[in-house]
J.: 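My questions will all concern the structure given below.
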Amino acid sequence: MNNHKKKLVSVIIAAYNVEDLIDRAINSVRKQTYEKLEIIIVNDGSEDNTLNICSEHELLDKRISVISIDNGGLGNARNTGVATCVGDYVLFLDRDDYYSKKDLIERLVDDAETTGSDWVVFNYELKDAKGNVKCRKSNDSLDNMYTAVWNKMYSKELVTSVKHPTGVYFEDIVFSLEMYLRAKKRISVDVTGYSYWQRTDSIIRDKNYLRHIDALDIMNAFLDDRENHYLTTEVRAYLGKQLINHFFVSLHKFKFSDEETIDKELVTKFDLAFNRINWCFSKKWYISSIFVVLIKWIMFSVKYGWPSPLLGLVNIIRVKTRRLG
């Protein structure tokens with residue numbers, strides 16, 4: 001383990017207007033048992049006291065560097081951190097989350113070095129303001145991969161091979177896929193050390209259904225850059241699951257919007273993306289077949305009317321889409 005401790009780990013935190021939570025995030029890194037860390041905090045144009053809090057930590061811990069940039073979004077802030085870091089491995093910590101196990105990074109580095117892996121995934125827990133906690137297991141298969149970058153550790157060589165999409169929401173969808181496909185060796189570590197804080201004002205929980213157009217644009221751009229032979233059934237199934245998830249979530253959010261008719265651009269782009277992956281939603285053909293019928297019926301209903309039973313159906317199945325076989 002002593003040889004492993006020679007490796008420098010860069011932890012990148014993109015911070016924007018989180019004066020109430022950023023202290024907890026930074027302290028969770030500073031208290032890690034693995035001490036050879038480079039902690040890069042990118043202040044993304046915060047308008048509250050976030051920068052001052054980060055600067056105070058910088059004075060207390062020489063491992064911390066604070067970079068201030070104009071507000072450009074999460075992807076741009078992460079790219080800034082990656083361009084600056086010099087670690088052998090890189091972790092991303094979201095501004096409102098924190099590491100719940102003090103030996104998390106030590107475990108990750110130990111397993112990465114022992115196995116020679118450049119992509120390491122680990123478990124996480126979901127927490128909300130009501131005190132509810134849900135644990136989520138992770139593994140090294142694309143079929144069950146959560147799109148977030150924060151429950152994975154990457155080698156510096158791997159993470160610098162692709163940039164995060166900028167100026168968009170849901171940028172992790174394709175970045176995480178690229179990291180997975182480019183990795184030389186992937187492993188999963190059975191440790192739950194990341195606490196994902198579900199804020200009521202987060203991007204994912206936002207009620208603006210049109211933001212999901214960004215997810216469609218990102219996936220269509222990915223498909224533009226790939227030849228058909230590159231799009232294996234595994235890759236198509238991954239993209240199909242993302243499309244289904246964003247399709248149902250956007251319809252669910254539309255239900256609570258003030259608009260009477262759904263935006264046609266959203267429906268058109270979903271239809272294009274579904275066709276480009278050959279309506280593949282699972283490596284199991286019968287599951288894909290079921291969803292083809294379901295999605296086509298719903299899209300037809302959206303285009304030519306909105307039957308009231310449809311809203312109930314969308315509400316029921318929107319939370320089930322990540323459990324496809």
Side-chain angles (χ1 to χ4, degrees), residues 1-15 21-42 54 57-66 78 81-82 84-127 133-141 144-146 148-160 172 176 179-180 182-197:
M1 185 67 184
N2 289 334
N3 290 332
H4 298 172
K5 286 190 175 182
K6 294 180 181 179
K7 298 296 182 177
L8 179 65
V9 178
S10 300
V11 181
I12 298 172
I13 306 173
L21 295 171
I22 191 63
D23 193 66
R24 180 180 65 180
I26 297 171
N27 279 325
S28 75
V29 185
R30 292 181 61 191
K31 293 178 180 178
Q32 287 290 304
T33 56
Y34 194 89
E35 296 181 347
K36 194 167 184 182
L37 302 175
E38 174 190 45
I39 307 169
I40 299 175
I41 307 170
V42 182
C54 294
H57 280 279
E58 186 178 24
L59 293 173
L60 295 172
D61 195 326
K62 64 181 181 180
R63 299 175 299 174
I64 296 177
S65 298
V66 178
R78 286 175 175 168
V82 170
T84 305
C85 73
V86 295
D88 299 290
Y89 295 103
V90 177
L91 284 158
F92 296 99
L93 175 62
D94 271 9
R95 56 187 182 172
D96 39 12
D97 301 337
Y98 60 97
Y99 294 138
S100 54
K101 281 192 180 298
K102 292 184 178 181
D103 64 344
L104 173 65
I105 297 179
E106 188 168 358
R107 288 279 305 274
L108 299 179
V109 174
D110 189 27
D111 283 21
E113 287 292 295
T114 300
T115 60
S117 300
D118 57 351
W119 185 99
V120 183
V121 65
F122 48 97
N123 306 331
Y124 62 96
E125 57 188 10
L126 306 175
K127 290 188 176 183
V133 179
K134 296 179 181 178
C135 293
R136 292 286 185 265
K137 291 280 188 178
S138 300
N139 61 48
D140 57 358
S141 72
N144 295 306
M145 184 181 76
Y146 186 49
V149 300
W150 39 252
N151 72 322
K152 302 168 188 72
M153 185 178 74
Y154 309 104
S155 70
K156 175 68 181 298
E157 179 183 1
L158 178 61
V159 82
T160 53
D172 287 354
S176 290
M179 290 293 96
Y180 181 90
R182 291 168 183 249
K184 296 175 182 176
K185 183 174 178 57
R186 300 178 290 266
I187 60 166
S188 61
V189 178
D190 189 18
V191 56
T192 305
Y194 191 102
S195 289
Y196 169 44
W197 187 252

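Remember, it's a predicted structure, so these values are computed and weren't measured experimentally.
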J.: Looking only at the side chains, is there a donor atom on one of Tyr98 and Lys127 sitting less than 3.5 Å from an acceptor on the other?
T.: yes
J.: To the nearest 0.5 Å, tell me how far Leu108 CG sits from Met153 CE.
T.: 5.0 Å
J.: Determine whether more than 12 heavy atoms belonging to other residues, nucleotides or ligands lie under 6.0 Å from atom NZ of Lys36.
T.: yes
J.: Taking side chain as C-beta onward, heavy atoms only, is Thr84 less than 4.5 Å from Ser65?
T.: no
J.: Any side-chain heavy atom of Leu60 sitting closer than 4.5 Å to one from Arg30?
T.: yes
J.: Using a 4.5 Å cut-off on heavy atoms from C-beta on, say whether the side chain of Lys152 contacts that of Val121.
T.: yes
J.: CZ of Arg186 to CH2 of Trp119: how many Å apart, nearest 0.5 Å?
T.: 7.0 Å
J.: Indicate the atoms forming the closest heavy-atom contact of Glu58 with Val66, along with that distance.
T.: OE2-N, 3.3 Å
J.: Compare every heavy atom of Ile22 with every heavy atom of Ala15, then report the nearest pair and how far apart it is.
T.: CB-CD1, 3.9 Å
J.: Quick one: are Tyr89 and Ile105 in side-chain contact, heavy atoms under 4.5 Å?
T.: no
J.: Is the ring pair Tyr99/Tyr194 parallel, tilted or perpendicular, if the boundaries are 30 and 60 degrees?
T.: perpendicular
J.: Within the structure provided, determine whether Asp111 and Val191 are in side-chain contact (heavy-atom separation under 4.5 Å).
T.: no
J.: Does Arg95 form a side-chain contact (heavy atoms from CB on, under 4.5 Å) with Leu21? I'd like the steps, not just the answer.
T.: CA-CA 7 Å; Arg95 56 187 182 172; Leu21 295 171; over 6 Å; no
J.: Taking the side chain as everything from C-beta on, heavy atoms only, tell me whether Val159 gets closer than 4.5 Å to Cys85.
T.: no
J.: For the residue pair Arg24 and Trp197, establish whether any side-chain heavy-atom pair is separated by less than 4.5 Å.
T.: yes
J.: Measure the spacing between CG of Asp140 and NZ of Lys185 and express it to the nearest 0.5 Å.
T.: 8.5 Å
J.: Ignoring hydrogens, what is the shortest heavy-atom contact between Ala25 and Leu93? Give both atom names and the distance.
T.: O-CD2, 3.6 Å
J.: Would you say Asn123 and Asp190 are linked by a side-chain donor-acceptor pair, where the criterion is simply a distance under 3.5 Å?
T.: yes
J.: Where is the tightest heavy-atom contact between Ile40 and Gly81, given as atom of each residue plus distance?
T.: CD1-O, 3.8 Å
J.: Find out whether the Lys NZ or Arg CZ of Arg136 is both under 6.0 angstrom from the six-membered ring centre of Tyr146 and within 45° of the ring's axis.
T.: no
J.: Whether Asp172 and Arg78 form a salt bridge (side-chain N of Lys/Arg under 4.0 Å from carboxylate O of Asp/Glu) is what I want to check.
T.: yes
J.: Out of curiosity, Leu37 CG to Leu8 CG, how far, rounded to the nearest 0.5 Å?
T.: 7.5 Å
J.: Any side-chain heavy-atom pair from Glu157 and Lys184 closer than 4.5 angstrom?
T.: yes
